[in-house]
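Worksheet for the structure shown next.
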Amino acid sequence: MSELIKVTLPDGSEREYPKGSSGMDIAMSISEGLARNVLAAKVSGEIVDANRGIDSDAKVQLLTWNDLEGKSTFWHSSAHLMAEALEALYPGVKFGIGPAIEGGFYYDVDFGDQEFNSQDLKQLEDKMLELARGKNSYERTEVSKAEAEKYFLEKGDEYKLDLIKDLEDGTITFYKQGNFTDLCRGPHIPNTGFIKAAKILNVAAAYWRGDEKNKQLTRLYGITFPKQKELTEHMEMLEEAKKRDHRKIGQELELFAFSEKVGMGLPLWLPKGTALRERLEQFLRKAQTKAGYSPVITPHIGNKNLYITSGHYEKYGADSFQPISTPKEGEEFMLKPMNCPHHCEIYKVRPRSYKELPLRLAEFGNVYRYEQSGELHGLTRVRSFTVDDAHIFCRPDQVEEEFKAVIDLVLYVFKSLGFENFTAQISLRDPDDKEKYIGEDEAWDKAEAAIIKTAAEKGLPTVVELGEAAFYGPKLDFMVRDALNRSWQLGTIQVDYQLPERFELEYIGADNEKHRPVMIHRAPFGSMERFVAVLIEHCAGNFPLWLTPEQVAILPISEKYQDYAEAVFNQLKEHDVTGYLDERDEKIGRKIRDAEMKKVPFMLIVGEKEQETGSVSVREHTKGDLGSLKLDEFIAMFDSRVAAELG
RNA sequence: GCCGACGUAGCUCAGGGGUAGAGCGCUUCCUUGGUAAGGAAGAGGUCAGGGGUUCAAAUCCCCUCGUUGGCUCCA
């Protein structure tokens with residue numbers, strides 16, 4: 001007699017189930033193995049508990065650990081489990097919020113008068129696992145606002161009360177597992193038994209609601225897994241990430257440095273780092289030349305009025321490096337925080353015809369931004385950096401084509417540097433806070449639509465973020481995943497209808513009338529600093545051969561072969577192979593070890609044999625002895641490796 | 001900018017109220033050695049900077065600077 005509902009599964013198949021069946025019931029009907037792994041269900045786009053009944057026809061996706069949403073449900077439930085453990089160990093603790101994040105979860109905790117220190121972490125982890133073994137189910141109940149308030153009033157948790165205050169009556173739910181009840185929208189995994197491994201990763205301080213006027217809570221970061229093995233692998237990955245830290249490798253390989261005397265956040269590029277950077281620049285210059293860009297050079301400072309015109313002064317002036325005054329009364333200059341205003345003035349040097357658009361002005365421009373001191377981090381966040389900048393001035397009817405060409409350029413750059421995984425983030429205005437942005441609604445709508453359209457046409461994997469736009473226009477940001485699957489923002493493309501307006505840029509159209517061009521800002525690397533940092537971590541300092549500052553090390557067996565070694569070195573230099581000659585009075589084993597530590601791709605060992613035959617004994621970094629090659633054979637091999645890398 | 005931790009030789013770090021330690025690196029000498037560390041000797045530090053407590057401070061306290069984990073921010 002029970003009514004049936006139609007369920008559409010992700011593979012397109014349709015099945016019928018009694019009304020009120022849950023995701024778990026559906027899983028059970030497919031296979032027991034699946035049922036054991038189901039963490040939650042996505043029902044018509046909404047993620048719900050696996051045991052929630054489904055009352056109408058729906059598209060249903062069963063979420064497991066392999067789904068992002070499954071993981072996040074798992075971690076959110078783990079946050080509740082950690083809270084339960086904390087409550088058991090520290091009676092009377094109060095809780096803020098405890099969401100899942102990328103790579104785990106956290107919970108903000110107010111320990112009151114109780115002490116919590118890092119020695120307690122193991123105890124907390126053990127308690128979590130002990131509770132998890134109880135296989136307590138996560139039970140959802142709907143409560144009224146009054147009931148919710150009553151519960152937390154009695155418990156004395158002012159943070160939850162604060163949260164409830166903003167919730168609408170009738171939408172409030174509690175989740176209970178074991179002895180712990182929490183205010184929570186859900187969803188959750190079926191029971192705590194799924195959680196087999198737990199690690200508290202980090203303890204930090206965070207203000208309630210992120211406001212420094214509020215009380216500071218202890219934020220406990222944790223991660224959990226359905227298998228112990230996965231936790232072990234995760235911890236190994238974190239260990240590997242630490243080894244790849246670009247700050248560490250940058251120091252070890254002498255790529256860059258910082259000096260207290262020069263100032264915080266102001267990187268000093270050492271010779272090897274500079275070599276690397278310049279090769280990256282040359283690579284992009286070449287690609288840009290092909291794509292029709294015109295390189296330009298502009299000063300590091302600009303009159304304050306330039307930034308008043310651009311709108312940047314009003315927006316960022318107070319938080320920037322302050323104006324530089326000159327002997328002339330009232331005259332003020334600013335370190336340039338971006339290159340666009342200068343490029344606008346280049347556009348304006350003479351009247352422009354529609355025939356010369358698009359005009360693509362490119363500059364590796366050094367810019368200076370007074371980032372908050374607490375935000376500085378290695379090369380990824382600095383106060384002086386170089387944008388691989390370009391501004392494309394084009395007619396409105398050219399925007400799409402130009403946008404697509406830029407996407408192609410960005411993809412070419414990523415591919416050449418070994419970044420295979422990326423998503424394109426479409427950053428739009430926050431529709432609820434239009435005050436933050438300058439310009440007309442109409443222009444914004446047009447620009448946003450253009451980005452969405454071209455991204456779709458290029459088949460980019462995209463995510464849309466509201467409120468992430470620049471103040472002058474929407475953006476398409478490229479988030480790449482590195483070798484450790486960490487996500488970084490690199491390239492950016494931005495459509496801008498505002499600056500042309502502010503700078504009164506014009507071109508004469510075919511109709512002999514004045515028209516306003518559209519500007520596209522773009523930087524495939526983002527910044528040289530940030531890109532190098534990400535590249536270092538991506539390849540753990542083992543750069544593609546063509547980028548490596550020291551590509552070969554010539555290691556003579558003894559000083560008797562010094563002359564031959566030098567001859568080899570000189571010939572390599574002729575072929576644009578860079579490196580060094582290790583003339584030290586050390587044994588070959590030692591020279592090899594040092595070259596290996598420096599991650600030099602090729603070691604060329606030369607002694608009596610090689611000298612007699614005009615050859616080199618080749619050893620490749622981490623791979624060992626490759627045997628003997630004539631010098632020209634080696635050069636040919638080297639060249640073909642580089643050619644292969646650059647596709 | 002805010003909260004916490006940290007700052008000892010070029011690097012990695014030990015020490016800790018009573019005149020500064022190790023390994024690596026560096027310099028010199030010996031050694032001329034065939035695929036991841038040859039041997040010996042030597043140089044090198046106002047213990048981040050400033051102030052205080054003390055007979056005595058690298059060590060305890062305060063401030064400043066810097067680094068770092070977070071929070072907030074990011075043209």
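In what follows, chains carry the letters A, B, and so on, assigned in the order in which the sequence lines appear, proteins first and then strands, with residues in each chain numbered from 1. Only a predicted model underlies this, so the values are computations on that prediction, with no experimental measurement involved. Side chains included, hydrogens not; waters and symmetry mates left out as well; all remaining heavy atoms used.
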Q) Charged N to carboxylate O under 4.0 angstrom, A/Arg593 versus A/Glu586? A) no
Q.
Whether A/Gln251 contacts B/U12 is assessed here as follows: a side-chain N or O lying under 4.0 Å from the phosphate OP1 or OP2. Is that the case?
A. yes
Q. Quick one: which of B/G34, B/G66, B/C74 gets closest to the side chain of A/Arg381?
A. B/C74
Q: Return the nearest nucleotide to the side chain of A/Ser617; candidates are B/U35, B/C73, B/U32.
A: B/U35
Q: Please measure how far the P atom in B/C30 lies from the corresponding atom in B/C47, and state the result in whole Å.
A: 37 Å
Q: Report yes if a side-chain nitrogen or oxygen of A/His377 is closer than 4.0 Å to either non-bridging phosphate oxygen (OP1 or OP2) of B/U67; otherwise report no.
A: no
Q: Among the candidates B/G33, B/G66, B/G34, find the nucleotide nearest to the side-chain atoms of A/Ser558.
A: B/G33
Q) With under 30° as parallel and over 60° as perpendicular, where do the rings of A/Phe321 and A/Tyr370 fit, or are they tilted in between? A) perpendicular
Q | 5'-most by nearest nucleotide on RNA chain B - A/His312 or A/Glu260 | A | A/Glu260
**Q.** Pair assignment for B/U54, Watson-Crick or G-U wobble, requiring both distances under 3.5 Å
**A.** none
Q: Would you mind reading off the distance between A/Gln489 atom CD and B/A75 atom P, rounded to a whole angstrom?
A: 9 Å
Q) Mind checking who B/U68 pairs with, Watson-Crick or G-U wobble, both distances under 3.5 Å? A) B/G4
Q: Using the P atoms only, state how far B/U27 lies from B/G10, rounded to an integer number of Å.
A: 15 Å
(Q) Suppose we define a pair by two distances each less than 3.5 Å, Watson-Crick or G-U wobble; what does B/G17 pair with here? (A) none
Q) What class does the angle between the rings of A/His521 and A/His391 fall in, given that below 30° is parallel, 30 to 60° is tilted and above 60° is perpendicular? A) perpendicular
Q: Give none if B/C29 has no partner; otherwise give the nucleotide forming a Watson-Crick or G-U wobble pair with it, both distances under 3.5 Å.
A: B/G39
Q. Would one find a side-chain N or O of A/Arg584 under 4.0 angstrom from OP1 or OP2 of B/G38?
A. no
Q.
If stacking means aromatic ring centre less than 5.5 angstrom from the base's six-membered ring centre, planes under 30°, is A/Tyr316 stacked on B/A75?
A. yes
Q. Whom does B/A22 pair with, Watson-Crick or G-U wobble, provided both distances fall under 3.5 Å?
A. B/U12
Q.
Looking at A/Arg219 and B/C71, is any side-chain donor or acceptor paired with a base atom of the opposite kind under 3.5 Å?
A. no
Q) Any donor-acceptor pair under 3.5 Å joining the side chain of A/Glu559 to the base of B/G33? A) no
Q) Which of these nucleotides, B/G1, B/G69, B/C30, is closest to any side-chain atom of A/Asp585? A) B/C30
(Q) Could you tell me how far apart A/Lys242 (NZ) and B/G69 (C1') are, to the nearest whole angstrom? (A) 11 Å
Q. Do the side chain of A/Gln322 and the main chain of A/Ser320 share a donor and acceptor less than 3.5 angstrom apart?
A. yes
Q: Report the C-alpha separation of A/Asp166 and A/Arg209 in whole Å, then their side-chain angles, then the decisive distance to 0.1 Å, and conclude whether the salt bridge (Lys or Arg N to Asp or Glu O under 4.0 Å) test is met.
A: CA-CA 13 Å; A/Asp166 297 337; A/Arg209 303 207 146 181; 3.2 Å; yes
Q: Select one nucleotide: of B/G69, B/C26, B/A36, the one nearest the side-chain heavy atoms of A/Glu596.
A: B/A36
